[in-house]
*Asks:* 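Just passing along the structure, written as structure tokens.
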Amino acid sequence: MRPFAWLLPLAFAACAPAARVADPPGPPERAVLMRHHWSLEDARDAGGARIGALFARPQQPLQIDFDETRLAIDHACNRIGGAYALADGHLVVEDLVQTMMACADPAVAGLDAAIGDRLRGRSALTLQTAGSVPALLLVNTHGDRLRFAGRLTAAARYGDAGERMFFEVAPRTAACADSTAGVGACLNVRERRYDAAGLAVGEPGPWQILREPIEGYAHENGVRSVLRVMRYRIADPKPGMPQTAYVLDAIVESAVVTP
């Protein structure tokens with residue numbers, strides 16, 4: 001097993017203490033963009049025709065995430081990212097870079113260019129936050145209209161910047177008892193550490209039963225994985241409920257283990 005290439009340069013930063021989430025400096029739109037995952041909901045060209053090339057993965061629509069200076073695009077063939085700026089009601093995207101994985105399905109393989117070509121340059125940006133589901137509308141210079149639906153990030157939901165950590169998940173679950181959920185199967189995990197180059201450092205921590213689920217992770221018995229997760233503090237948890245929540249950030253390694 002080896003880490004995915006896109007994880008290597010930056011993703012293995014050391015764990016940092018959790019901090020409360022504060023709005024970033026700059027235009028107010030940036031705070032809204034950063035607090036949500038933005039999933040592509042509709043896309044039309046200048047003539048109003050649906051841009052079908054952007055929906056090759058209907059069960060996993062294209063998603064954009066923003067930090068203070070960079071955006072990341074998920075659910076294409078490759079992972080795509082680059083710097084952005086907000087200026088006079090516009091989203092400005094210059095160069096985008098991506099990983100170099102191959103996708104067997106030609107429609108999925110074409111997603112990289114389909115979304116990249118439409119985001120590069122200067123797009124008019126409109127945020128609609130009045131309803132229960134916020135919306136992001138981008139209109140590029142060719143007249144393409146991309147509409148995204150917003151979903152709160154875990155950091156926004158928990159009001160906590162979170163702590164990044166790595167878990168190695170054993171291929172088999174362990175029986176566990178939980179006062180709120182009864183008897184069930186829990187993950188058997190141990191903590192791993194990596195340096196900035198993506199190389200494992202130190203000895204793994206002891207194996208332990210993780211009674212809390214990892215949001216976004218579906219375990220398959222017989223598969224050993226290394227996960228990058230974010231750990232969030234839950235403010236004022238209900239009696240008997242966990243004080244922390246774990247959210248999957250990335251699957252770093254995964255391999256089937258034969259009995």
Side-chain angles (χ1 to χ4, degrees), residues 6 9-10 21-101 103 105-157 249-250:
W6 65 268
L10 300 173
V21 174
D23 287 343
E29 296 89 348
R30 179 172 285 128
V32 179
L33 292 174
M34 290 176 60
R35 286 173 56 83
H36 296 83
H37 304 292
W38 298 98
S39 296
L40 184 64
E41 191 175 58
D42 190 38
R44 305 279 168 173
D45 64 18
R50 187 172 186 265
I51 306 173
L54 292 174
F55 297 93
R57 281 182 162 163
Q59 303 305 316
Q60 284 188 309
L62 290 166
Q63 176 178 297
I64 302 180
D65 289 284
F66 296 85
D67 68 14
E68 290 189 18
T69 60
R70 300 185 66 81
L71 60 80
I73 304 168
D74 283 311
H75 304 158
C77 174
N78 284 275
R79 184 172 172 84
I80 306 169
Y84 78 92
L86 300 175
D88 300 323
H90 288 76
L91 174 71
V92 183
V93 179
E94 299 295 343
D95 294 332
L96 291 171
V97 296
Q98 65 184 60
T99 55
M100 299 299 292
M101 296 186 296
C103 293
D105 185 337
V108 174
L111 275 171
D112 296 347
I115 186 62
D117 291 347
R118 288 172 172 85
L119 283 183
R120 287 187 186 90
R122 189 179 180 91
S123 299
L125 180 152
T126 303
L127 281 169
Q128 300 170 352
T129 58
S132 58
V133 178
L136 165 64
L137 178 64
L138 297 176
V139 182
N140 64 21
T141 55
H142 302 290
D144 298 327
R145 301 172 64 87
L146 310 184
R147 183 180 177 86
F148 299 82
R151 173 172 52 88
L152 281 175
T153 65
R157 283 190 283 120
D249 195 32

*Asks:* Any donor and acceptor pair, going by atom type alone, linking the side chain of His90 with main-chain N or O of Asp88 inside 3.5 Å?
*Replies:* yes
*Asks:* Pairs under 3.5 angstrom only: tabulate donor-acceptor contacts from the side chains of residues 114-125 to other protein residues two or more places apart or in another chain.
*Replies:*
| unit_1 | atom_1 | unit_2 | atom_2 | d |
| --- | --- | --- | --- | --- |
| Asp117 | OD1 | Arg120 | NH1 | 3.3 |
| Arg118 | NH1 | Ala114 | O | 2.9 |
| Arg120 | NH1 | Gly116 | O | 3.3 |

*Asks:* Going from OG on Ser39 to CZ on Arg147, what distance comes out if it is rounded to the nearest 0.5 angstrom?
*Replies:* 13.0 Å
*Asks:* Provide the closest heavy-atom pair for Val93 versus Tyr84 in the form atom of the first, atom of the second, distance.
*Replies:* CG2-CB, 4.3 Å
*Asks:* So Arg50 and Arg44, do their side chains get closer than 4.5 Å, heavy atoms only?
*Replies:* yes
*Asks:* What distance separates Arg79 CZ from Asp74 CG, expressed to the nearest 0.5 Å?
*Replies:* 4.5 Å
*Asks:* Can you name the ring pair (Phe, Tyr, Trp, His ring centres under 6.0 Å) partners of His75, sequence neighbours left out?
*Replies:* none
*Asks:* Return the CG to CZ distance between Leu91 and Phe66, rounded to the nearest 0.5 Å.
*Replies:* 5.5 Å
*Asks:* For the CG atom of Leu71 and the OG1 atom of Thr69, what is their distance to the nearest 0.5 Å?
*Replies:* 9.5 Å
*Asks:* May I have the step-by-step check of side chain to side chain contact (heavy atoms under 4.5 Å, CB included) for Asn140 and Leu146, ending in yes or no?
*Replies:* CA-CA 9 Å; Asn140 64 21; Leu146 310 184; 5.8 Å; no
*Asks:* Rounded at 0.5 Å granularity, tell me how far NE2 in His37 sits from CZ in Phe148.
*Replies:* 14.5 Å
*Asks:* Could you pull out the closest heavy-atom pair between Ala107 and Ala56, with the gap in Å?
*Replies:* O-CB, 3.5 Å
*Asks:* Please report the interatomic distance OG1(Thr126) to CG(Leu137), rounded to the nearest 0.5 Å.
*Replies:* 5.0 Å
*Asks:* Give the minimum heavy-atom separation between Cys77 and Asp112, together with the two atoms involved.
*Replies:* N-OD1, 3.0 Å
*Asks:* Just to verify, which of Arg30, Arg35, Glu29, His36 counts as forming a side-chain contact (heavy atoms from CB on, under 4.5 Å) with Val32?
*Replies:* His36
*Asks:* At their closest point, which heavy atom of Leu111 faces which heavy atom of Ala53, and how far apart are they?
*Replies:* CD2-O, 3.3 Å
